[in-house]
Trainee: 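Here it is, the structure in full.
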Amino acid sequence: MVAVFQQIHHRPGMRSGSNRRGDSPWVSYRGAMRWSAAFIPTLRDAPADAEAASHKLLVRGGFIRQLHAGHYSLLPLGLRVHEKVAQIVREEIDAIGGQEFLLPAMHPASIWKQSGRWDVMGDEMFRLQDRGGADLALGMTHEEVFSHLATSLHSYKELPQLWYQIQMKFRDEPRPKSGLLRVREFAMKDSYSFDLDDAGLDVAFDAHHEAYVKIFDRLALQAMPVQASSGAMGGSASVEFMVASPAGEDDVLVCGSCDYRANVERGTSQLEPVVDSSIDETVERFPTPGVRTITELESVDGGANAINQIKTMVMVLDGEVTLALLRGDHQLNLQKLLDNSGAIEIRPATSDEAFEALGAHPGSLGAVAVSGIKVFCDLSLEGRTGMVTGANEDDWHLRGVSVERDIEVNSWVDIREVQAGEACVDCGAKLEVIRCIEAGHIFKLGRKYSTAMGITVLDAQGKAQTPTMGSYGIGIGRAVAAIAENHHDDAGLCWPFDVAPYHLLITVLDVDDSQAMSLAESVLAAFSAVGLDVLVDDRDARPGVKFADAELIGIPYRLTIGSRSLSKGQVEFTPRRTGETQMLDQATCASSVLDAVLATR
RNA sequence: CGGGCUGUGGCGCAGUUUGGUUAGCGCACUGGUCUGGGGGACCAGGGGUCGGAGGUUCAAAUCCUCUCAGCCCGACCA
């Protein structure tokens, strides 16, 4: 470490900022950096188009720069955080037996066609052709490639396998946004488990669940595991790790008194029972001129409260016109309908399509006496009677409708979106809806890919078996952004110790004071000796600039060495998070700072 | 893909409605003097195809047409 100390020795008289190779003996060392030689382009103002706190601060702090929409350059400071996050993920996946790979980012179309996803992925996959005209894709995930490799497995004795990589993924997001939170090119840790049977898959899944808890704990992210939709790709269990943040894009149902947590795409609630007035009403047609909305129908003569209305939504599922029925006061959740129908593509029907299918325009639609059209009906309508709904003739509605008697329902499904304040399905307490960032997602794939890609191993009886798979992802860059979202204040970032670009910032206020510089160097040496990372602010700048930048980039601990305190034999120690400064004795500061830092890490 | 908005130096903006000298301002940057514990002052500088193309005009950052890019809301999204 003496060598390190000398490599970074600041030569008195050298102008700060002079960093030409020819006149500096400075040799790069990952754990130590002089600010005067570093590329840390801090900005006083955030770019006007930055909205999310993490976006603003990561740009202002010189961690990232946008190249174009959804593509960011990681600057040295940003890369250090990114790599520390990746390393934590790597260590925890290794700890459950993961083996790291590095796979091609560019894939032949053939494997995507084999899995069936060449068509399914649609516009979200970047596609290109090579000079020979062969179709290629930039990998958005790596089930296909890993599955292709897994065809080299031949015996049950080789299972289980747990494979992973940390690699760039490419997704042509329709709307990249919020800095690193939603991008089109990003590093992701994705692991895949291969097991002979469901019990093995359970083990791999649970191991990941525990590993993820440890990872997010080490990242200082308060991530809650929530029940999630498996998405279009199916799967029997799916858990997302969600970090509460206004910059997020998912809504999560959180029960205040038990541990029920679910994505609104999956979660449900208890509904207050509704008592319908009469059971044997007959269906009656009545005029409702100009009435087009649930609200209007509430107050019209012969109408009813929303709770007694049937909302008829005309959707197009994979090109087929379909009806989704809900209680008048409920909202449709598209993902739920997707999951329940098994469709890949979903969109609301146009007004013309609705008219063609039902003979009326939206606002007067209903499912009574409709046949030949698939009808998905929300569970909340089971057994309901005396309902009001559209008559499939503009300006007319029906009342006295008994759902089960009068409507030909193909499937009863949970397709409504739970609202805040509804009762927890487990304990009945009030549910909150919390905006979250999806930081990780684990799920059981089953045999979809192993079947498609032709993976088989012989079992103990010599019979061919198709292994079952699990898939587990964590976005590294998104985790960096999520940490920034959760750990900042008005002045800037406050990196958790384990992912901080540097552990200690030594702010030297008078860079021409050789006593101050040599004190900085001795503290640096003490930190380097135990493998901690130190940034020395040796810029010839005014104190105000240095303090502001220090708070902006958010190094967890700062040692300030200034002639004013130094003349009294003192230096200042300030944790970024509290901002509370403690005076330390100059002579012993190296060891006391080291002790303080190690004690609180 | 629908709705809204924005492109002027590295960042933040003014100027555009009503066309008219050399396109300005703050920050940042370079040299200098002073200063020296919370984004300091002064002096002197460098840096801009006004997103792009076409058009109207004696004259275009400004008007017209097309186009590209970016942002926000929604849709969408392992």
Side-chain angles (χ1 to χ4, degrees), chain A residues 15 17 41-52 55-56 59-60 62 65-71 117 120-125 139-143 169 171-179 181-184 186 188 190 192 228-235 238-241 247 249-250 263 265 315 332 334-335 338-339 344-348 350 438 440-445 448-449 470-475 478 491-492 507-513 516 539-552 558 560-567 570-572 574 579 581:
Chain A
R15 294 298 310 175
T42 58
L43 298 173
R44 187 181 293 223
D45 300 307
D49 47 28
E51 197 76 10
H55 186 191
K56 289 181 187 169
V59 172
R60 281 190 58 212
R65 281 290 185 278
Q66 179 175 292
L67 180 61
H68 61 137
H71 299 264
R117 293 206 291 181
V120 172
M121 285 311 183
D123 291 336
E124 202 175 336
M125 188 153 70
M140 35 196 302
T141 172
H142 282 73
E143 277 84 359
K169 303 284 189 282
R171 294 182 190 175
D172 192 356
E173 291 285 348
R175 183 146 104 82
K177 57 180 280 200
S178 305
L181 280 172
R182 177 167 291 280
V183 290
R184 305 203 297 177
F186 57 99
M188 180 173 178
D190 49 326
Y192 303 88
S229 156
S230 310
M233 301 327 291
S238 173
V239 171
E240 288 168 331
F241 288 79
E249 299 178 281
D250 284 277
N263 194 309
E265 295 176 344
M315 307 301 293
L332 174 66
L334 289 179
Q335 187 65 45
L338 217 46
D339 291 348
I344 292 164
E345 195 185 75
I346 188 170
R347 64 174 174 83
T350 63
E438 179 189 346
H441 195 169
I442 59 178
F443 57 100
K444 299 179 182 176
L445 287 174
K448 177 187 167 68
Y449 294 93
S471 168
Y472 319 91
I474 290 183
R478 182 179 283 185
T507 300
V508 180
L509 296 181
D510 307 287
V511 287
D512 293 327
D513 180 339
R539 294 174 299 168
D540 183 17
R542 302 183 68 82
V545 173
K546 294 188 169 209
F547 293 143
D549 274 346
E551 279 149 17
L552 178 58
R558 184 174 87 212
T560 307
I561 304 176
S563 52
R564 201 174 72 185
S565 302
L566 205 53
S567 65
Q570 290 185 316
V571 295
E572 293 147 53
T574 314
T581 294

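These numbers come from the heavy atoms of this one structure, side chains and all, not from hydrogens, waters or symmetry mates. Remember, predicted model here, so these are calculated numbers, not experimental data. Order of the sequence lines sets the chain letters (A, B, ...), proteins ahead of strands, with each chain counted from 1.
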Trainee: Which whole number of Å gives the distance between the P atom of B:G70 and that of B:U65?
Mentor: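 Rounded to whole Å, the distance is 23 Å.
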Trainee: Across all strands shown, which nucleotide pairs with B:A41 by Watson-Crick or G-U wobble geometry, both distances under 3.5 Å?
Mentor: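 Base partner found: B:U33.
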Trainee: Answer with yes or no whether A:R182 presents, from its side chain, a donor or acceptor under 3.5 Å of a partner atom in the base of B:C77.
Mentor: yes
Trainee: Quick one: does A:Q66's side chain get under 4.5 Å of A:P47's, heavy atoms only?
Mentor: no
Trainee: Taking the side chain from A:K546 and the backbone from A:L509, do they hold a donor-acceptor pair closer than 3.5 Å?
Mentor: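 No; zero donor-acceptor contacts below 3.5 Å.
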Trainee: Of A:D510 and A:R171, whose nearest nucleotide on RNA chain B comes first from the 5' end?
Mentor: A:D510
Trainee: In this structure, how many angstroms lie between the P atom of B:G39 and the NZ atom of A:K546, rounded?
Mentor: 15 Å
Trainee: Indicate, with a heavy-atom threshold strictly under 4.0 Å, whether A:G473 touches base, sugar-phosphate, or nothing.
Mentor: nothing
Trainee: Angle between ring planes, A:H68 versus A:H71, binned at 30° and 60°: parallel, tilted or perpendicular?
Mentor: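 Parallel.
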Trainee: Determine the Euclidean distance between corresponding C1' atoms of B:C5 and B:G51; express it in Å to zero decimal places.
Mentor: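 After rounding to an integer number of Å, I get 16 Å for this pair.
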Trainee: Is a side-chain N or O of A:R65 found less than 3.5 angstrom from the main chain of A:V59, in a donor-acceptor match?
Mentor: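 The answer is yes, because a donor-acceptor pair under 3.5 Å joins these two groups.
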Trainee: Using the C1' atom as the reference point in each nucleotide, state the distance between B:C63 and B:G15 in Å, no decimals.
Mentor: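 The answer is 16 Å between these two C1' atoms.
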Trainee: Can you check the A:I346 CD1 to B:A75 P distance for me, whole Å?
Mentor: 13 Å
Trainee: Taking the C1' atom of each, how far is B:A59 from B:U21, in whole Å?
Mentor: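 Approximately 12 Å lies between the C1' atom of B:A59 and that of B:U21.
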Trainee: From CZ of A:R539 over to C1' of B:G39, roughly how many Å is that when rounded to an integer?
Mentor: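 Taking atom C1' of B:G39 as the reference, CZ of A:R539 is at 11 Å.
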Trainee: Check the distance between B:A69's C1' and A:H71's NE2 and give it to me in whole angstrom.
Mentor: 13 Å
Trainee: Could you tell me which nucleotide pairs with B:C58 by Watson-Crick or G-U wobble geometry, both distances under 3.5 Å, or answer none if nothing does?
Mentor: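 Partner of B:C58: B:G20.
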Trainee: Is the side chain of A:D513 donor-acceptor paired with the backbone N or O of A:A516 at a distance under 3.5 Å, no angle test?
Mentor: yes
Trainee: Can you tell me which residue among A:E124, A:R117, A:R184 is in a side chain to side chain contact (heavy atoms under 4.5 Å, CB included) with A:M140?
Mentor: A:E124
Trainee: Which atoms of nucleotides 25-34 of chain B (N or O only) lie under 3.5 Å from a protein N or O atom, and what are those distances?
Mentor:
residue : atom : partner : partner atom : Å
B:C27   : O2'  : A:R44   : NE           : 3.4

Trainee: Taking B:G36 as the reference, what is the distance to B:A44 when you measure between their P atoms (whole Å, please)?
Mentor: 24 Å
Trainee: Can you tell me whether the side chain of A:S565 and the base of B:G37 have a donor-acceptor pair closer than 3.5 Å?
Mentor: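 Flag set: donor-acceptor pair detected.
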Trainee: Hey, is the main chain of A:R44 close enough, under 3.5 Å, to the side chain of A:R60 for a donor-acceptor pair?
Mentor: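 Flag set: sc A:R60 to bb A:R44 pair under 3.5 Å.
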Trainee: Pick the P atom in B:U49 and in B:G4, then give their distance to the nearest Å.
Mentor: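 One P to the other, the span is 33 Å.
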Trainee: What interatomic distance, in whole Å, is found between C1' of B:U67 and the corresponding atom of B:C72?
Mentor: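 Here B:C72 and B:U67 have their C1' atoms 22 Å from each other.
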Trainee: Between B:U6 and B:G52, how far apart are the two C1' atoms, rounded to whole Å?
Mentor: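 The same atom, C1', in both gives a distance of 16 Å.
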Trainee: Checking A:S238 side chain against A:S229 main chain: does a donor-acceptor pair fall under 3.5 Å?
Mentor: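 Yes.
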Trainee: If you round to the nearest 0.5 Å, how far is CD1 of A:I474 from NE2 of A:H441?
Mentor: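 It is 12.5 Å, given to the nearest 0.5 Å.
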Trainee: Just how far, in rounded Å, is P of B:G40 from CG of A:L509?
Mentor: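 Those two atoms, CG and P, are 15 Å apart.
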Trainee: How many whole angstroms separate atom CD of A:E438 from atom C1' of B:C77?
Mentor: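 Atom-to-atom, A:E438 to B:C77, this comes out as 10 Å.
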Trainee: Please list, for nucleotides 70-74 of chain B, all pairs of protein and nucleotide N/O atoms separated by less than 3.5 Å.
Mentor:
residue : atom : partner : partner atom : Å
B:G70   : OP1  : A:A69   : N            : 3.0
B:G70   : O2'  : A:D49   : OD2          : 3.2
B:C71   : O3'  : A:D49   : O            : 3.4
B:C73   : OP2  : A:R175  : NH1          : 3.3
B:C73   : OP2  : A:R175  : NH2          : 2.8

Trainee: What is the separation between atom CG on A:D540 and atom P on B:G39, rounded to the nearest whole Å?
Mentor: 16 Å
Trainee: Any strand is fair game: report the nucleotide pairing with B:G26 by Watson-Crick or G-U wobble, both distances under 3.5 Å, or none.
Mentor: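 Paired with B:C11.
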Trainee: On the side chain of A:E551, is there an atom forming a donor-acceptor pair with the base of B:G38 - under 3.5 Å, no angle test?
Mentor: yes
Trainee: When you compare the side chains of A:T574 and A:T581, does any donor N or O come within less than 3.5 Å of an acceptor on the partner?
Mentor: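 Yes, A:T581 and A:T574 have a side-chain donor paired with an acceptor closer than 3.5 Å.
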Trainee: Please state how far atom CG in A:L338 lies from atom P in B:A75, giving the value in whole angstrom units.
Mentor: 14 Å
Trainee: May I ask you to verify whether the side chain of A:R542 and the base of B:G40 hold a donor-acceptor pair under 3.5 Å?
Mentor: yes
Trainee: For the side chain of A:D549, counting heavy atoms from C-beta on, which of B:G38, B:G39, B:C11 is nearest?
Mentor: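 In terms of side-chain proximity for A:D549, the closest of B:G38, B:G39, B:C11 is B:G39.
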Trainee: Contact class for A:D123 (heavy atom, under 4.0 Å): base, sugar-phosphate, or nothing?
Mentor: nothing
Trainee: Checking salt bridge (charged side-chain N to carboxylate O under 4.0 Å, His left out) for the pair A:R558/A:E572: CA distance, chi angles, key distance, verdict?
Mentor: CA-CA 8 Å; A:R558 184 174 87 212; A:E572 293 147 53; over 6 Å; no
Trainee: Touch check for A:R478, heavy atoms < 4.0 angstrom, all strands: base, sugar-phosphate only, or nothing?
Mentor: nothing
Trainee: What is the pairing partner of B:C71, taking Watson-Crick or G-U wobble pairs with both distances under 3.5 Å in any strand?
Mentor: B:G4
Trainee: Taking only the side-chain heavy atoms of A:Q335 (C-beta and beyond), determine which of B:C11, B:G37, B:C77 contains the nearest atom.
Mentor: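 The nucleotide sitting nearest to the side chain is B:C77.
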Trainee: In Å and rounded to the nearest 0.5 Å, what is the NZ to CD distance from A:K56 to A:E51?
Mentor: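 Rounded to the nearest 0.5 Å, the NZ-CD separation comes to 6.0 Å.
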